[in-house]
Structures are given as C-alpha cells and as structure tokens.
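Worksheet: one structure, shown below.
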Amino acid sequence: MDWGTELWDQFEVLERHTQWGLDLLDRYVKFVKERTEVEQAYAKQLRNLVKKYLPKRPTKDDPESKFSQQQSFVQILQEVNDFAGQRELVAENLSVRVCLELVKYSQEMKQERKMHFQEGRRAQQQLESGFKQLENSKRKFERDCREAEKAAQTAERLDQDINATKADVEKAKQQAHLRSHMAEESKNEYAAQLQRFNRDQAHFYFSQMPQIFDKLQDMDERRATRLGAGYGLLSEAELQVVPIIAKCLEGMKVAADAVDAKNVGAWVGRGVGTGSVPQTRHLVLPLTAHPLPLPQDSQVLIELHKSGFARPGDVEFEDFSQPMNRAPSDSSLGTPSDGRPELRGPGRSRAKRWPFSKKNKTVASEDFSHLPPEQQRKRLQQQLEERNRELQKEVDQREALKKMKDVYEKTPQMGDPASLEPRITETLSNIERLKSEVQKYETWLAEAESRVLSNRGDSLGRHPRPPDPPASAPPDSSSNGSQDNKESSEEPPSEEGQDTPIYTEFDEDFEEPTSPIGQCVAIYHFEGSSEGTISMTEGEDLSLMEEDKGDGWTRVRRKQGGEGYVPTSYLRVTLN
C-alpha cells in the first residue's frame, strides 16, 4: 500500500503529516542537546568534586598517602573521575552522532519535502488552469448556441411576417447562419478542450501526483527510520560505557576491600597514585589488574613516627620531708651553699617525659639530628639512596660522553671532540661532589644506626627491667624503669659510637662530689657492662654519690672502689 494509491486526494493531510514528522525530529534533537548539557554539567561537577578532595601535596611528600585507607580513598576519587570521563564521552557521542548528524539530516529532509510539494502544487496549478480553460470554452459554446438559436428564431419570424421586406428577411437569415457557424466552432473548441483536460486530469491523478506522494512516502519513511536509529543511539551511547563504568564501580569496591588496618592485604586495581585521567574522546579501557602489596596501616604508622627512643623510666618518689629532718650539708645534693634546703621537683629534672611535656622547636640540620633516632636513620637512608642514584646517573653520562668523544676522534666529520670536554669536566666535578656527599651520609647513617641499636637493643639488654619489687618494699623505694627517656632529645646524642658514656652530658653540669651524700643497698643484681655503669650484687652496701636526676639512674661508689651509674629502681636509698 502506498500513499499515491490510497491517499490520492489527501494532499493537505500528507502536507501536515510530513511537517509533523520533521517537527518531531527537531524536538528529539533538542531533547538530546539538553541531555548532553545535563551530562556535561554532571561530569563537570564530579570532576570538581574529585579535585576538591584529592590530596593537595604530591604523593612522595604526603605521609598520609602511605596508609591503605588514604590510598583507597584516592583510588575511589580516581574511579569517580574516570566515571565522569565516561559521562563526558556519552555527552560527546550524543552531541556528534545524534545532534549534529540529525540536524544536518533534518535540513536535507526539509529541502526534499519542499521540492516535492512545490512539484505537486505546480501540477495542481496546471490542472486548475486547464479546468478554467475548459470552463471558458464551455461558457462560450453555451453563449454562441443561445445566440444562434435566437438569430434563427428572428429569421423565421421575419420570413413569416408579410410586412417585412425581402432585404430584412435575407439579412436575418444571414445573421442566423453566422451565429450557427460560430456556435459550431465553439462546440468544436469546447470538445477539444474537454478532451485535453480529461487527459491532463487523468495524468494528474493516476501518474503525476501518485509519483509525488510516493516520493513523500519514501522520504517520510526514511525520516522515521533515521529517527528510530537516533533513538537507538541514545541507548547505545550508554551501553558503550557500561563496561567501563562497571570497571569503575568494581575499582571502588576493590578499593574499599583494600583498606588494611591490621593484616597485610593486596591491592587489585588500576594502580594507586597514578593520577591518570581517561581521555574523554575515546573509550578508556582499564589497565590490567595486578596485585600490589599494601602495608599494614598500623605498621605504616609505626614506620612513619617511630622515634627510636627508649621508653622513660618510672618517676622517682621525692621525699620532701627528708631535708626537714636532717641537718643541711654542703655535700648534700639539692642543698645550696647558703644552707637553705632546696626542694627538687619534677621541673628540675632535665629529662623530658612524653607525653606530658611539650616538645621544643628544633632547627632542621643537614644530618637530621633534630629528628628522633629512627626517623633520622630513615631520612639519612633516603638521602643516601638519592645521592647514589644521582651518582650512578652522572657516571653513566660521563661514560656516554667519553664514548662519544672517541667516536668524534675517529670520525671528525661527526663532531669536534673538544666540544665535549666542558661537559666531561662538569660530570667529573659532579661525581666527586656526589661521592663526597655519599661518604658524608654514610658516616651519618652509621652513627644514626649505632644510636638506634643502642637505644633499641643494647640499652635494653644491659639494663633489663627488674621484677616487681616485693610487697614489703619500703614506700620510698624508687621505681624508675631501666629504659631511657623517649623524649630525652633536648641535646643532640653523642656521636662517638656505642661505647660513649651514657651520662657524659650530665658531667658538664654537676661537679663530682668528693664525699657520699647517703647510703644505699642493692636490692637486685646488676651487671654494669657498658662504660659509665658499675656492677653490683644483691644486698651489697653502696655509697650514694649523686641522686637520680629524673632519668632513672643513680651514681654510686662501691666499698671496694670504683664509681658508676646503676638503675635507681635497683636500690634502696638512705640519705645522710
């Protein structure tokens, strides 16, 4: 069934229908255009949101980036950014494949429709013109027939009138003959015009207009098919990015599962910290999943902030009643030379006690001695590795320049060997400088590692924490631990190695007493194996030469001779 056969008389209906179809095409294009604007705005808002929450500092300078929680969050942000890229891709595909192409197609359809209807209107005008000519010839034939009949009646009347002259009769007969001839000619012309009009009308209704209507039908069907394909592009643009969006969502799920607070996990995804943003003009396929070991967050925190200091010992009991019960003595520690007793409190102790004390602000130094031992060791290790990499780079560059110089010497047309001398000299200077820096950092690193080992193992091994004192122990017994104060970094540590006396820094502030200030008894055995300490046996009587300054160590003298430091918690002290 076609329009030319079934709708041969519905010219206006077809005109309205084809115009409605083109209007629908334009409405869909407008809808898709607004849809692309929504997608673009959505993608832009997502990108702005990601940019707002991405870390501001580079990954290498951000300690928080080492935690799996932060890495997972960054990965989720990157997945959202990739998701935004897919929304931009949807908008771009809709804009190019639907809006631009359908707008162009709509213009072509409008021109084709206009041409077909112009052709149909010309055919209608020609048919209407032929019909008007037919009507004119018909009216002329009718008029001539009436005139001829009237003239014939007039001639017959005059012929029967006895009073009419012969001349009048002849004249009337001639007029009647003339009118009859004119009527015959009008009849022939009308008949010819009628035949011509019927032929044109048959051509109009059976050939010319059906062809035009069939062309309009083909045009409208092609428009509807193209519009249906445009409808399909709307879903295809979405389906095209569904696999990538699924990968983004899967990456978010993997990032969530990768948070490793306690146990060591594994990262499976497209990489953390790459900062890669998919291109919006092409499909973005995810990278091949590969496992990356994630550190345990708790362990990361330890590695980032471990100071390497030994934990502080117990706070000593300060008996303020004793100075009141004994006579002032110039040799008694805490008694000024004017004889007035001096009350010693926690504020007089040099040792810092984390976490109750405020840390002093320190100025950064090249050897990172302002940092805790463990952090100093790590920073020095990093600097040493960087210097070694730079050194290897300079060595490789120098070797390459020397080979190039040899080539120039063998083939002068390739270049002047002398032109490479400044660069070779520069690399040699850089190598010497870097070797010096490497040696410097190696020395500092060895000293730092020595201090870390001293704080971590040697100190703890030499001064193990004693068992809990018996229940009968006197209340004034000191209970300081045998470990060093964690925050006792007010002064830089000694750089003479592990055998450096532990309390050399205190010897500068206190004159060595010439006479004991009290007596003490060893309640535990202690093996003083390091320089600055002294051995004692359980129950041994000792002379108290210097009280505990708050760091957990007391200076004593043995009866057999010899002075040194022993743990305060190993003693029962009696002041003079």
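Nothing fancy with the numbering, it's 1 onward along the sequence. Values below: all heavy atoms of this structure, side chains included; hydrogens, waters and symmetry mates excluded.
Lys393 meets the side chain to side chain donor-acceptor pair (under 3.5 Å) test with no other residue; sequence neighbours excluded. For Lys33, there are no salt bridge (Lys or Arg N to Asp or Glu O under 4.0 Å) partners, not counting sequence neighbours.
Distance CG/Asn81 to CD1/Ile76: 13.5 Å, rounded to 0.5 Å. Rounded to the nearest 0.5 angstrom, Arg87 CZ and Leu46 CG are separated by 9.0 Å. To the nearest 0.5 angstrom, Glu394 atom CD is 4.0 Å from Asn430 atom CG.
The 12-atom threshold is not exceeded at OH of Tyr53, counting heavy atoms of other residues, nucleotides or ligands nearer than 6.0 Å. When the shell of 6.0 Å around CD of Glu108 is examined, it contains more than 12 heavy atoms from other residues, nucleotides or ligands. By the neighbour-count criterion of 12 heavy atoms within 6.0 Å, atom CZ of Arg423 is sparsely surrounded, having that number or fewer from other residues, nucleotides or ligands.
Side chain of Ser106 to backbone of Leu102: no donor-acceptor contact under 3.5 angstrom is found.
Taking the side chain as every heavy atom from C-beta outward, Met252 and Val80 approach each other to under 4.5 Å. By the 4.5 Å heavy-atom criterion applied to side chains, Leu49 and Gln45 are not counted as neighbours.
Residue Thr36 comes nearest to Ala91 through the heavy atom pair CG2-O, 3.4 Å, listed as atom of the first residue, atom of the second, then distance. Shown here for His525 and Met536, the closest heavy-atom pair between the two residues is ND1-O, 3.1 Å.
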Going by atom type alone, with no hydrogens or angles, which donor-acceptor pairs under 3.5 Å involve a side-chain atom of residues 399-407 and a protein atom two or more places apart or on another chain?
residue : atom : partner : partner atom : Å
Lys405  : NZ   : Glu421  : OE2          : 2.1

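The side-chain hydrogen bond (donor to acceptor under 3.5 Å, both in side chains) test with Glu88 singles out one residue from Arg47, Gln40, Lys44, and that residue is Arg47.
Between the side chains of Gln392 and Asp396, at least one donor-acceptor pair of N or O atoms lies under 3.5 Å. For the 3.5 Å distance criterion, the side chains of Arg387 and Gln383 qualify, holding a donor opposite an acceptor.
Cation-pi contact between Arg226 and Tyr105: present, with separation from the ring centre below 6.0 Å and deviation from the ring axis of at most 45°.
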